[in-house]
Each structure stands twice: as C-alpha cells, then as structure tokens.
Asker: 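Take this structure, written in structure tokens, and hold onto it; I'll ask about it next.
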Amino acid sequence: MEVEDEYLVQRAVEGLLGDLDDDAAFQALTPEEQAASLAWVLAGLVSNGGFEAWVESLGQRTPEAVAGLRLMGADEYVGLLEQLARLYPTLGAADADTRLSAMDAWGDREVGQLHQLTQQFLELQQAHDLEERFVAPFVRAHPRQFPLRVEDL
C-alpha cells in the first residue's frame with residue numbers, strides 16, 4: 001500500500017522554481033521538469049489570484065505550460081489556457097506590464113470572459129485537482145527526472 005505524500009510535488013519541483021523566470025535556465029529544464037513545475041505554479045497562482053496572477057507572473061510560459069499539461073493528460077486545463085491566450089494576445093511578452101497591457105483595451109465582455117475562465121479553472125480544480133490527479137502521478141512516473149529517494153538516482 002502506497003502512503004500518500006501531500007508534499008511530493010512540492011519537493012520535486014521546488015528546486016526548479018527559480019529557473020521559471022530565467023530564459024536560459026528554463027530552456028535547460030527537461031520537458032518533464034517544465035511540465036511539473038509550471039503545472040504546480042499554475043494551480044497555485046490561479047487558485048490564489050485568478051488567471052491575472054498567472055499572466056502577470058509567468059504568462060510568457062503559457063505555450064510550455066500547455067505542452068506540459070498535454071504531456072500529463074490534463075487536456076481540460078489545456079482548453080482554458082488556450083482561451084486565455086486568445087484573450088491576452090500580449091501573453092508572450094517578457095515583462096509583466098506588457099503581458100497585462102491587453103486589459104487596457106478591454107470592455108465588460110473581456111473582463112467577464114476572464115472571470116469566467118478563472119471560475120471554470122476553480123471548478124475544474126475542485127472536480128479534478130491538477131496537482132493530485134495529474135502532477136503527482138506524473139512525478140511518480142518519472143523517478144529519474146524527479147529523484148526523491150537515493151534509489152531513484
């Protein structure tokens with residue numbers, strides 16, 4: 001019987017989080033490392049500050065987050081990020097102010113769409129928690145990428 005480890009994902013990705021902001025360091029991460037770390041951060045940011053928090057903090061990593069979510073089989077989350085990318089054509093900018101600048105031209109419709117996307121994410125999290133259902137099994141399935149025990153090295 002496997003004991004559930006609620007900090008498994010955090011321990012697996014915490015050493016990678018500093019690399020998410022640095023382009024060269026980020027590119028040096030494996031696709032598995034990118035996938036797990038971005039998914040973990042995505043869940044935390046959106047749950048605590050909505051999609052606007054994701055756009056501000058790591059929106060430029062959205063294409064890689066989409067690829068990682070696909071790699072994990074989290075397709076329902078992919079659809080939400082694809083909709084977000086259409087709402088924020090500035091998403092790929094290197095700096096937060098430029099990423100968020102799409103909002104300057106928004107009306108009530110776009111603001112409503114952002115709130116709806118965030119609500120859909122939160123509902124999806126409630127039904128199919130990203131960390132528990134996708135990221136943790138992914139980390140367990142890649143012990144060489146995320147060595148948590150000496151035996152995994």
Side-chain angles (χ1 to χ4, degrees), residues 5-142 145-146:
D5 179 358
E6 67 179 298
Y7 298 105
L8 169 80
V9 175
Q10 180 179 343
R11 284 195 335 272
V13 303
E14 64 189 348
L16 307 173
L17 300 181
D19 295 338
L20 299 181
D21 287 325
D22 180 277
D23 287 337
F26 181 77
Q27 294 307 321
L29 297 177
T30 67
E32 292 83 6
E33 290 170 330
Q34 289 180 8
S37 58
L38 287 172
W40 189 71
V41 172
L42 173 71
L45 286 172
V46 178
S47 293
N48 290 305
F51 269 120
E52 187 175 344
W54 167 258
V55 172
E56 180 178 5
S57 299
L58 287 169
Q60 76 277 20
R61 301 285 183 232
T62 299
E64 293 89 348
V66 166
L69 291 168
R70 280 198 176 110
L71 191 60
M72 286 186 263
D75 297 331
E76 293 170 281
Y77 287 94
V78 168
L80 295 176
L81 281 180
E82 290 173 339
Q83 290 177 60
L84 182 72
R86 287 190 292 276
L87 195 56
Y88 281 94
T90 54
L91 201 59
D95 66 285
D97 288 338
T98 304
R99 286 193 298 274
L100 292 169
S101 69
M103 297 172 68
D104 296 343
W106 284 5
D108 291 341
R109 182 176 151 267
E110 291 84 3
V111 171
Q113 286 176 325
L114 178 63
H115 290 303
Q116 181 64 30
L117 281 175
T118 296
Q119 186 60 39
Q120 288 174 321
F121 182 92
L122 297 174
E123 289 170 6
L124 187 56
Q125 270 288 82
Q126 188 117 16
H128 306 287
D129 184 88
L130 184 57
E131 183 177 350
E132 290 177 20
R133 185 160 182 199
F134 298 101
V135 186
F138 183 78
V139 166
R140 281 189 207 95
H142 296 87
Q145 292 291 319
F146 307 101

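The structure presented is a predicted model; accordingly, all values stated were derived computationally and were not measured. The basis for the numbers below is simple: all heavy atoms, side chains too, and nothing from hydrogens, waters or symmetry mates.
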Asker: With a 4.5 Å limit on heavy-atom distance, are the side chains of Arg140 and Phe146 in contact?
Answerer: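 No, side chains not in contact.
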Asker: Go through the side-chain N and O atoms of Ser101 and Asp104 and say whether any donor and acceptor fall under 3.5 Å apart.
Answerer: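 No, Asp104 and Ser101 have no side-chain donor paired with an acceptor closer than 3.5 Å.
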Asker: Could you check whether any side-chain N or O of Arg99 sits under 3.5 Å from a backbone N or O of Ala94, counting only pairs where one atom can act as donor and the other as acceptor?
Answerer: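 Yes; judged by distance alone, with no hydrogens or angles, the pair exists.
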Asker: Calculate, to the nearest 0.5 Å, the distance between atoms CD and CZ belonging to Glu32 and Phe138 respectively.
Answerer: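 Separation between the atoms: 5.0 Å.
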Asker: Apply side-chain contact (heavy atoms from CB on, under 4.5 Å) to residues Leu91 and Gln60 and explain how you reach the verdict.
Answerer: CA-CA 6 Å; Leu91 201 59; Gln60 76 277 20; over 6 Å; no
Asker: Once you round to the nearest 0.5 Å, how far does CD of Glu123 lie from CD of Glu76?
Answerer: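 Atom-to-atom, Glu123:CD and Glu76:CD are 12.0 Å apart.
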Asker: Starting from the C-alpha separation in whole Å, work towards a yes-or-no answer on side-chain contact (heavy atoms from CB on, under 4.5 Å) for Thr62 and Leu38.
Answerer: CA-CA 9 Å; Thr62 299; Leu38 287 172; over 6 Å; no
Asker: What's the separation between atom OG in Ser37 and atom CG in Leu29, rounded to the nearest 0.5 Å?
Answerer: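 Answer rounded to 0.5 Å: 6.0 Å.
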Asker: Keeping Glu33 on the side-chain end and Thr30 on the backbone end, is there a donor-acceptor pair under 3.5 Å?
Answerer: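 Present.
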Asker: Looking at residues at least two apart in the chain, or sitting in another chain, which of them share a side-chain contact (heavy atoms from CB on, under 4.5 Å) with Ala25?
Answerer: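 Only Asp19, Asp22 meet the side-chain contact (heavy atoms from CB on, under 4.5 Å) criterion with Ala25.
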Asker: Could you give the distance from OG1 (Thr118) to CG (Leu80), rounded to the nearest 0.5 Å?
Answerer: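 Thr118 atom OG1 to Leu80 atom CG measures 9.0 Å (nearest 0.5 Å).
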Asker: Quick one: do the Tyr77 and Gln125 side chains pair a donor with an acceptor below 3.5 Å?
Answerer: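 There is such a pair (donor and acceptor under 3.5 Å, judged by atom type) between the side chains of Tyr77 and Gln125.
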Asker: Would you call Leu124 and Gln120 a side-chain contact if the rule is heavy atoms closer than 4.5 Å?
Answerer: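 Contact flag for Leu124/Gln120 side chains = no.
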Asker: Which pair of heavy atoms, one from Ala102 and one from Thr90, lies closest together, and at what distance?
Answerer: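 In this case the closest contact between Ala102 and Thr90 is CB-OG1, 3.3 Å.
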Asker: Going through the distances and angles, do Leu42 and Leu81 end up as a side-chain contact (heavy atoms from CB on, under 4.5 Å)?
Answerer: CA-CA 10 Å; Leu42 173 71; Leu81 281 180; 4.0 Å; yes
Asker: So which pairs with a foot in residues 46-65 pass ring-ring contact (aromatic ring centres under 6.0 Å, His included), sequence neighbours left out?
Answerer: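 Sorted pair list: Phe51-Phe121.
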Asker: Do side-chain atoms of Gln27 reach the backbone of Ala24 as a donor and acceptor pair under 3.5 angstrom?
Answerer: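 Side chain of Gln27 to backbone of Ala24: no pair is present.
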Asker: Tell me the closest heavy-atom pair linking Ala136 and Leu8, and the distance in Å.
Answerer: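 Nearest heavy atoms, Ala136 then Leu8: O-CD2, 3.8 Å.
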Asker: Taking everything shown except Gln126 itself, do over 12 heavy atoms lie less than 6.0 Å from its CD?
Answerer: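 Check fails, neighbour count at 12 or below.
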Asker: Ion pair present between Arg61 and Asp21, side-chain N to carboxylate O less than 4.0 angstrom?
Answerer: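 Looking at Asp21 together with Arg61, the answer is no, because their closest N to O distance does not fall below 4.0 Å.
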Asker: Please check: side-chain N/O of Gln34 versus main-chain N/O of Phe26, any donor-acceptor pairing under 3.5 Å?
Answerer: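 Confirmed, Gln34 side chain pairs with Phe26 backbone.
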Asker: Considering only heavy atoms from C-beta outward, does the side chain of Phe134 approach that of Leu69 to under 4.5 Å?
Answerer: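 Heavy-atom side-chain distance check fails, nothing below 4.5 Å.
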Asker: Glu52 and Tyr88: side-chain contact (heavy atoms from CB on, under 4.5 Å), yes or no, with the steps?
Answerer: CA-CA 10 Å; Glu52 187 175 344; Tyr88 281 94; 4.3 Å; yes
Asker: Which pair of heavy atoms, one from Leu130 and one from Ala39, lies closest together, and at what distance?
Answerer: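 Minimum heavy-atom contact is CD2-O, 3.4 Å.
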